[in-house]
Structures are given as structure tokens and as C-alpha cells.
Amino acid sequence: MAGAFEGAAGLTGRRVADEALLEDEKSMAENDPGGMLRATASAGAQVRESAALAAEANLSVLADEGRPRAVVVAGIGTAGLTGSILATVAGPRCPVPVIGHRSAGVPGWVGAADVVIAVSASGRSPEALAAADAAARRGARLVAIGNPDSELQAMAERARAPFIPVPRRAPARASLWGLAVPVLLAARSLGLVKVNEADLAETAARLDADAERCRAGAESFVNPAKALALGLAGSIPIVWGSSPLATVAARRFADTLAANARYPVMAGALGEAGRGRVGLLDGPFGGLAETAHDIFADPDADAEVATRLRLVVLRDGGLNPEEEADEPVAVEERRADAVQTLAERRGVRCDVVTAEGGSALERLASLVAVPDFASIYLALAHGLDPMAVPAINEMKELSNPMPEGLQ
């Protein structure tokens, strides 16, 4: 007889989500001892703080040598996502390419004509450190962003490069805005992106308002994040973005669902999905699952075979001026309408989050905030601690074994 699999000891939580847990603030607090909800609610404050810290850094030196040939944003995980945010907010009319680099070092072509932005919430990720070192050796302009008094700051100081300190008070995935805003402001100093103080203030206000709507004390029927979490419970989520900006938000949601709630999820661009992946709606977890479902069956007996797709469509809202859009807004809108119709015809349930706001940054925030909270509430409904992820720590231990002399 097979015993418990290695590593199962210490895993807690329940396989089936319990809606009642989301109406009990005491239970939620017990399952969130690290304060992931509180950290996520600080998003607006992160925007303000990181903007102030960036203003204190000497970013003006970036403009002294003129426009770069290319900008490389180096980092991993949430830090890596900041490169996608910069590319999206800058838009298709950005005068230079913006490349996200999510592995150690920098691309082989990087040289003195380029700018490297090394990002690490901890200030010690191997990817960011290797990028900073490579940039300094090749004579590229360097900007470093991360935890103060870290190895990354020391490398920036040795290279006489600007360093923007971002105090780390939570895991990197709860510090997205603290990392993204300095990247944007560094790019603004290079003349590559239009982000003004009003955009930052409105984005911070939007994040504050969404944090209030998604607060733990708000019941599920008025809390959009709890409602989204309960809709996703027990499903295989598919998250598609209608535009490049919405696709960044979709990939962010996939990251937080995986890390916080431990859910398998697929995410990407809706235009790309229409070339093949939309066929998932016809498959064994989509339309076939719905047609095979016996409405008279015992729900408990059917629990093990009832896993189905749940579609989440993030829509940009058609607020981009036509001349700045990658493709006509009407095309994005028709595509989003079409996939919602396809899902409805197949009985696949669909949630829609529509962007709001006057700037690209604020619209992105409006697509990220509620899903961020939803991923945490989904974890809490399963009795999981959204901050402590045993597999992440084990992966680090197994990937970075202790040197023999210290064992």
C-alpha cells in the first residue's frame, strides 16, 4: 500500500473551497498570518512612495547621453513583469525597443548604446545581479531598482549608476506597483514614456478605491474580488486579455492565481487564443463537460469529475485613441464579444473585468487590482496561507544546495 507522498506533511488546506470562510474575518486573518491582504491593499501607497523615492534618485543623468538604442528590463517573476508593463504603457509608438529579459545576464548585443534596468524586490536575485554586472562591464547605462542596502545597491554604487530603493515589506508579488513605477519613471527620464504626476495620482487613487471595495469586511455580494474568487473555485481558469495592456493584466492574474491560490491557469492574448486555444471551449473541460453533466446527479458524488473551465476576459474598454492602438479598438471589442458568445453557447461560465481610467497606467491598475484580491480570497476559501508557499521554498533549497564545506 502506498504511503503519503514525500513533502505532503505540513501541507494544509482543503481541496474544496468553503464560501463561509470568506464571510468570517477571524478565519481569514488566521489563514493570512503574513498579511497578504494588507500588503495588497497597500498598492496605492506603493505608487506614491516609489514615485517619491524615484524623484530623490538622480535619474536626470540618464538623459545626458540622449536616447538609447534599446532598453532592457532585467528581472524574474514580478520584477520581470515590469518590463511588459513598460512596453505596454509606452505603446507601439515608443521610439526604441523595450525588451524584458528574464534570465541571467543580458542579451549578447547589449552595449554602450543601450540602457539596462535591473529590478529585484530583494536586491539579490541572480538574474538582476548578473544583468547589472554585465551592463557595467559592457559600458551600458544602468539603473537598479530594489531593496535598499542590498547587493544590487552596492553594484549600482560601484558602477556610479542610479539606484532607486524600494523597501521590501512583503513578497515580490505583493510589491508590483513599488517596482513598476520606478521603471516607468526611469523610462520617462529617457523620453520614452508619457507618465505625469496626475497619472500617478489617479492610479494610486484607483488602487485605493479598489482596495476599499475588496476589503475583507465586505460581503461577497458587494465585494467583486470575493465574487470572482468564488466563481473560479474548483475550476480551471483561462484568462484572456483583449489588448496588449489587458494581456499584461491577464498574465499577472495567472501568476497570482498560481502562487497565492495554487491553481493551474492559462493566460494570454485573446487575439492569439482565437488562432487555436479558443478550441479549449469545445474540449473535455469545456463544452463536452457541460453536455455530459447530469443535472439530477448528486453534486457530492460528481465532485471529482465536475472540474470545468472558467473563462475570465479582461477588456481594455476601448479607451485608447485609435492612433495609439496596436489595432483598431473595434477589432478588439468584436473579438471579446465573440469569445463571450462562444463561451455562453457552450455553457462555459465567463467573468468580465473592464478597464476604467483616463491613462494607460490607471487602466492597467483597474484590471489588476480586483484579480489580485481574488487570488488571495480563493486561497483563503481553500484554507491556504496565500503568503507561505512551501513548494517555492523547497524549490529554492533544491536548486541552490548548500556548499559542501557548510553542510
Check: Lys194 side chain, Val89 main-chain N or O, donor-acceptor pair, under 3.5 Å: no
Non-hydrogen side-chain atoms of Leu62 and Leu190 separated by less than 4.5 Å: yes
Non-hydrogen side-chain atoms of Leu129 and Ser120 separated by less than 4.5 Å: no
Salt bridge (charged side-chain N to carboxylate O under 4.0 Å, His left out) against Asp255, all qualifying residues, sequence neighbours excluded: none
Derivation of the side chain to side chain contact (heavy atoms under 4.5 Å, CB included) call for Leu230 and Leu22: CA-CA 9 Å; Leu230 293 173; Leu22 298 189; 3.8 Å; yes
Separation between CG of Asp133 and CG of Leu152, rounded to the nearest 0.5 Å: 11.5 Å
Within-4.5 Å side-chain heavy-atom neighbours: Leu380 and Leu37: yes
Which atom pairs, one a donor and one an acceptor, fall under 3.5 Å between side chains of residues 199-206 and the rest of the protein, sequence neighbours left out?
unit_1: Asp199; atom_1: OD2; unit_2: Asn196; atom_2: N; d: 3.2
unit_1: Thr203; atom_1: OG1; unit_2: Asp199; atom_2: O; d: 2.8
unit_1: Thr203; atom_1: OG1; unit_2: Glu362; atom_2: N; d: 3.3
unit_1: Arg206; atom_1: NE; unit_2: Glu362; atom_2: OE2; d: 3.1
unit_1: Arg206; atom_1: NH1; unit_2: Glu356; atom_2: OE1; d: 2.8
unit_1: Arg206; atom_1: NH2; unit_2: Glu362; atom_2: OE2; d: 2.9

Arg252 CZ to Leu257 CG distance, which is reported to the nearest 0.5 Å: 10.5 Å
Sequence-distant partners of Arg38, salt bridge (charged side-chain N to carboxylate O under 4.0 Å, His left out), two or more places apart: none
Pairs touching residues 203-259 that satisfy ring-ring contact (aromatic ring centres under 6.0 Å, His included), sequence neighbours left out: none
Under 3.5 Å donor-acceptor, Glu23 side chain and Ser220 backbone: yes
Val181 vs Leu53 side-chain heavy atoms within contact, under 4.5 Å: no
For Ser242 against Asp316, the heavy-atom pair lying closest together: OG-N, 3.0 Å
Euclidean distance, Leu228 CG relative to Tyr377 OH, rounded to 0.5 Å: 12.0 Å
Approximate separation, where rounding is to 0.5 Å, of Arg141 CZ and Ile117 CD1: 10.5 Å
Distance-minimising heavy-atom pair for Val98 and Gly83: CG1-O, 4.0 Å
Basic-acidic side-chain contact under 4.0 Å: Glu332, Arg315: no
Qualifying ring-ring contact (aromatic ring centres under 6.0 Å, His included) pairs, either residue in residues 254-274, two or more places apart: Tyr263-His382
Results of salt bridge (charged side-chain N to carboxylate O under 4.0 Å, His left out) for Arg275 - residues two or more places apart only: none
Note, Leu176 side chain near Gln46 side chain (heavy atom, < 4.5 Å): no
Sequence neighbours excluded - side-chain hydrogen bond (donor to acceptor under 3.5 Å, both in side chains) pairs with any residue from residues 27-37: Asp24-Ser27
Worked verdict on Asp337 versus Arg334 for salt bridge (charged side-chain N to carboxylate O under 4.0 Å, His left out): CA-CA 5 Å; Asp337 289 339; Arg334 285 199 302 270; over 6 Å; no
Presence of salt bridge, Glu212 and Arg215, under 4.0 angstrom: yes
Which residues share a side-chain hydrogen bond (donor to acceptor under 3.5 Å, both in side chains) with Ser84, sequence neighbours left out: none
side-chain hydrogen bond (donor to acceptor under 3.5 Å, both in side chains) contacts in which one or both residues fall within residues 49-61, not counting sequence neighbours: Glu49-Arg169, Asn58-Ser60
Side-chain touch Leu314/Val239, heavy atoms, less than 4.5 angstrom: yes
Glu344 side chain to Gln340 side chain, donor-acceptor N/O pair below 3.5 angstrom: no
Heavy-atom closest contact (Arg310 atom, Ser235 atom, distance): CB-OG, 3.3 Å
Arg160 side chain to Glu157 backbone, donor-acceptor under 3.5 Å: no
Partners passing side-chain hydrogen bond (donor to acceptor under 3.5 Å, both in side chains) against Asn147 (at least two apart in sequence or in another chain): none
Arg124 atom CZ: more than 12 heavy-atom contacts under 6.0 Å: no
Arg349 CZ to Leu311 CG distance, which is reported to the nearest 0.5 Å: 12.5 Å
side-chain hydrogen bond (donor to acceptor under 3.5 Å, both in side chains) pairs, two or more places apart, involving residues 178-191: Arg188-Glu197
Verdict with reasoning, Leu59 to Ile164, per side chain to side chain contact (heavy atoms under 4.5 Å, CB included): CA-CA 9 Å; Leu59 294 179; Ile164 303 174; 4.0 Å; yes
Lys/Arg-Asp/Glu bridge criterion (N-O < 4.0 Å) met for Asp282, Arg345: no
CA sep, side-chain torsions, deciding dist, call: Val370, Cys214, side chain to side chain contact (heavy atoms under 4.5 Å, CB included): CA-CA 7 Å; Val370 171; Cys214 297; 3.9 Å; yes
Pro165 side chain near Gln153 side chain, heavy-atom distance below 4.5 Å: no
Taking every non-hydrogen atom, the tightest pair across Arg14 and Ala381: CD-O, 3.9 Å
Side-chain (Arg335) to main-chain (Ser243) donor-acceptor, under 3.5 angstrom: no
Closest contact, heavy atoms only, Val348 versus Leu309: CG1-O, 3.9 Å
Worked check of side chain to side chain contact (heavy atoms under 4.5 Å, CB included) between Arg138 and Val116: CA-CA 11 Å; Arg138 297 187 193 186; Val116 173; over 6 Å; no
Minimum heavy-atom distance between Val143 and Ala186, given as atom pair plus value: CG1-CB, 4.3 Å
Minimum side-chain heavy-atom gap Arg262-Val389 below 4.5 Å: yes
Sequence neighbours excluded - side-chain hydrogen bond (donor to acceptor under 3.5 Å, both in side chains) pairs with any residue from residues 171-184: Arg173-Asn260
Leu86 side, atom CG; Leu185 side, atom CG - distance, nearest 0.5 Å: 10.5 Å
